[in-house]
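To start, the structure under review is shown below, and the notes come after it.
Keep in mind that the numbers below use all heavy atoms, side chains included, and drop hydrogens, waters and symmetry copies. Since the structure is predicted, the reported quantities are computational estimates derived from the model, not experimental observations.
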Amino acid sequence: ADNLELTFPEKVTTAGKATLNFSGSWLPYTLKVDYKVNRGLVEKDFGQDNPANVTLRGSHFLPAQQIETQSPSLLLDIGIDLSQGVIVKNKLLEGTASGNLVIKGTPENPVILGKIDIKPGSKIIFKDKPFEVQTARINFTDTTDINPDIYISALARLSDYDINILVQGPAKTPIIAATSQPPLSKGDIFSLLALGMTSTKMDQNLSSDLQQKQTEIEVIAAL
C-alpha cells in the first residue's frame, strides 16, 4: 500500500507505506504488517478510549470449536517505523516523537513493544506550565497491560527560578521529583508551580498586607 493515509484511532493521522502479509494453514492465521510512517499528527489526549475497554466478538462463520473455546483466530505481527517523526499536539505534549513499535498478541489482547523518544525542545505541559524537554523516552515492555516505563527530564523558567522536573517509572504510577536553581524546598517549588509564587513569598505578601492595613488604621485613628 503506497501513499497510505490512515486515521486510526480517532485524532491520530499517519501517512506512509505499508506491506501486508496474511499467512497460515489454519486458525489462528497471522497478519504481518510493516508500516513506515513518513508523517503523522497525534492530537489525541493520552489515556482516552483505552483499547483495553474494547470488546471484540468472533464471527459466526468461525468453526464451532473455535467459538466455544474462544481460541484466537488471528495473531498480530505489526511493525511501525516512526523514525521520520510524528508531530504530537495535545493537552500534555507539543513536539515531535520518533522511534519504533511492534504490536504482538491478538486483536483482543495486543502487546506493544518498543521505544519512543521525544525530541529535545518539545514542550511538556505540567501544572499548566510549559516545560522544555531535555530528555524523554517511553519504553513499552512485553506485557498486556499498556503501562510503559517513562523517563522525562524537562526545564522551565518561573519567576527568578529555573525549575527542573524529573518523571520516571511506570506511566500509571510515576515518581515525580523537582529541583530548582537557586535551590528551593520541595514545598516552595510546588507552590511556585501551582500558585505562581513560593510559600515564603506568600507569607511576605500576607505580612505586608497586614502591616499596610494596620498603618491605614493608625492613620485614620490619628485624623
Side-chain angles (χ1 to χ4, degrees), residues 1-23 29-57 59 73-154 167 170-172 174:
D2 291 321
N3 301 317
L4 175 68
E5 292 189 5
L6 180 66
T7 299
F8 182 82
E10 185 181 6
K11 295 186 178 181
V12 177
T13 303
T14 56
K17 179 178 180 179
T19 301
L20 294 84
N21 185 285
F22 191 70
S23 63
Y29 296 108
T30 298
L31 175 62
K32 180 175 176 56
V33 179
D34 291 309
Y35 184 23
K36 182 173 179 57
V37 177
N38 294 325
R39 66 181 188 278
L41 174 63
V42 178
E43 298 177 291
K44 186 181 183 68
D45 289 318
F46 302 133
Q48 277 189 342
D49 302 326
N50 191 338
N53 297 328
V54 177
T55 300
L56 300 180
R57 185 172 57 186
S59 169
S73 303
L74 185 66
L75 300 178
L76 302 176
D77 184 7
I78 301 174
I80 305 175
D81 182 351
L82 299 168
S83 57
Q84 295 294 320
V86 296
I87 296 173
V88 182
K89 190 173 183 180
N90 56 30
K91 292 180 180 178
L92 179 64
L93 176 66
E94 293 184 7
T96 303
S98 62
N100 289 275
L101 294 176
V102 174
I103 302 176
K104 297 282 190 177
T106 67
E108 296 86 353
N109 295 294
V111 175
I112 301 178
L113 307 168
K115 294 179 180 179
I116 295 293
D117 290 305
I118 307 299
K119 185 178 180 179
S122 300
K123 303 294 184 183
I124 286 182
I125 311 303
F126 183 75
K127 296 290 186 181
D128 296 324
K129 307 290 193 304
F131 280 72
E132 184 173 316
V133 170
Q134 308 298 301
T135 304
R137 171 165 288 186
I138 304 171
N139 186 21
F140 291 88
T141 55
D142 188 4
T143 173
T144 54
D145 182 21
I146 302 177
N147 185 26
D149 289 326
I150 61 175
Y151 180 91
I152 300 172
S153 175
V167 184
K172 294 181 180 179

Check [X] against [Y] and note the closest heavy-atom contact, atom names and distance.
{"X": "Asn38", "Y": "Gly16", "answer": "ND2-CA, 3.6 Å"}
{"X": "Ile118", "Y": "Ala97", "answer": "CD1-CB, 3.8 Å"}
{"X": "Gly85", "Y": "Ser98", "answer": "CA-CB, 4.0 Å"}
{"X": "Glu132", "Y": "Lys123", "answer": "OE1-NZ, 3.5 Å"}
{"X": "Asn147", "Y": "Pro170", "answer": "ND2-CB, 3.5 Å"}
{"X": "Lys44", "Y": "Val12", "answer": "CB-CG2, 3.9 Å"}

**OP:** Would you mind listing every salt bridge (Lys or Arg N to Asp or Glu O under 4.0 Å) that reaches into residues 112-121, with sequence neighbours excluded?
**Re:** Asp117-Arg137
Original post:
If you count the non-hydrogen atoms of other residues, nucleotides and ligands that lie under 6.0 Å from CG in Asn3, is the total more than 12?
Top reply: no
Original post:
Is atom CD1 of Ile87 surrounded by more than 12 heavy atoms (other residues, nucleotides or ligands) closer than 6.0 Å?
Top reply: no
**OP:** Can you sort out the partners of Pro174 under side-chain contact (heavy atoms from CB on, under 4.5 Å), two or more places apart, ordered by chain and number?
**Re:** Ile150, Val167
**OP:** Show your working on side-chain contact (heavy atoms from CB on, under 4.5 Å) between Leu101 and Ile112 and close with a plain yes or no.
**Re:** CA-CA 7 Å; Leu101 294 176; Ile112 301 178; 4.2 Å; yes
**OP:** Kindly assign one of parallel, tilted or perpendicular to the pair Phe22 and Tyr29, based on the angle between their ring planes and the thresholds 30° and 60°.
**Re:** tilted
Gap separating the [atom1] atom of [X] from the [atom2] atom of [Y], nearest 0.5 angstrom:
{"X": "Leu92", "Y": "Ile124", "atom1": "CG", "atom2": "CD1", "answer": "6.0 Å"}
{"X": "Leu75", "Y": "Thr30", "atom1": "CG", "atom2": "OG1", "answer": "4.5 Å"}
{"X": "Leu31", "Y": "Asn21", "atom1": "CG", "atom2": "CG", "answer": "8.5 Å"}
{"X": "Leu20", "Y": "Asp34", "atom1": "CG", "atom2": "CG", "answer": "9.0 Å"}

Subject >> Test item: side-chain donor near acceptor, Tyr35 and Thr19, under 3.5 Å >> reply: no
Original post:
Does the side chain of Pro148 come within less than 4.5 Å of Thr141's, by heavy atoms?
Top reply: no
**OP:** Evaluate the criterion side-chain contact (heavy atoms from CB on, under 4.5 Å) for residue pair Asp2 and Lys17; output intermediate values, then yes/no.
**Re:** CA-CA 5 Å; Asp2 291 321; Lys17 179 178 180 179; 3.1 Å; yes
Subject >> Name of the residue among Ile78, Asp77, Asn109 meeting side-chain contact (heavy atoms from CB on, under 4.5 Å) with Lys104 >> reply: Asp77
Original post:
Would you find a donor on one side and an acceptor on the other, under 3.5 Å apart, between the side chain of Thr7 and the backbone of Thr13?
Top reply: no
Original post:
When you look at Ile103 and Ile80, which way does the side-chain contact (heavy atoms from CB on, under 4.5 Å) test go after all the steps?
Top reply: CA-CA 8 Å; Ile103 302 176; Ile80 305 175; 4.1 Å; yes
**OP:** Verify side-chain contact (heavy atoms from CB on, under 4.5 Å) between Leu82 and Asn100, making sure each step is shown before the conclusion.
**Re:** CA-CA 5 Å; Leu82 299 168; Asn100 289 275; over 6 Å; no
Original post:
Using 4.0 Å as the upper bound for N to carboxylate O, is an ion pair formed by Glu5 and Arg39?
Top reply: yes
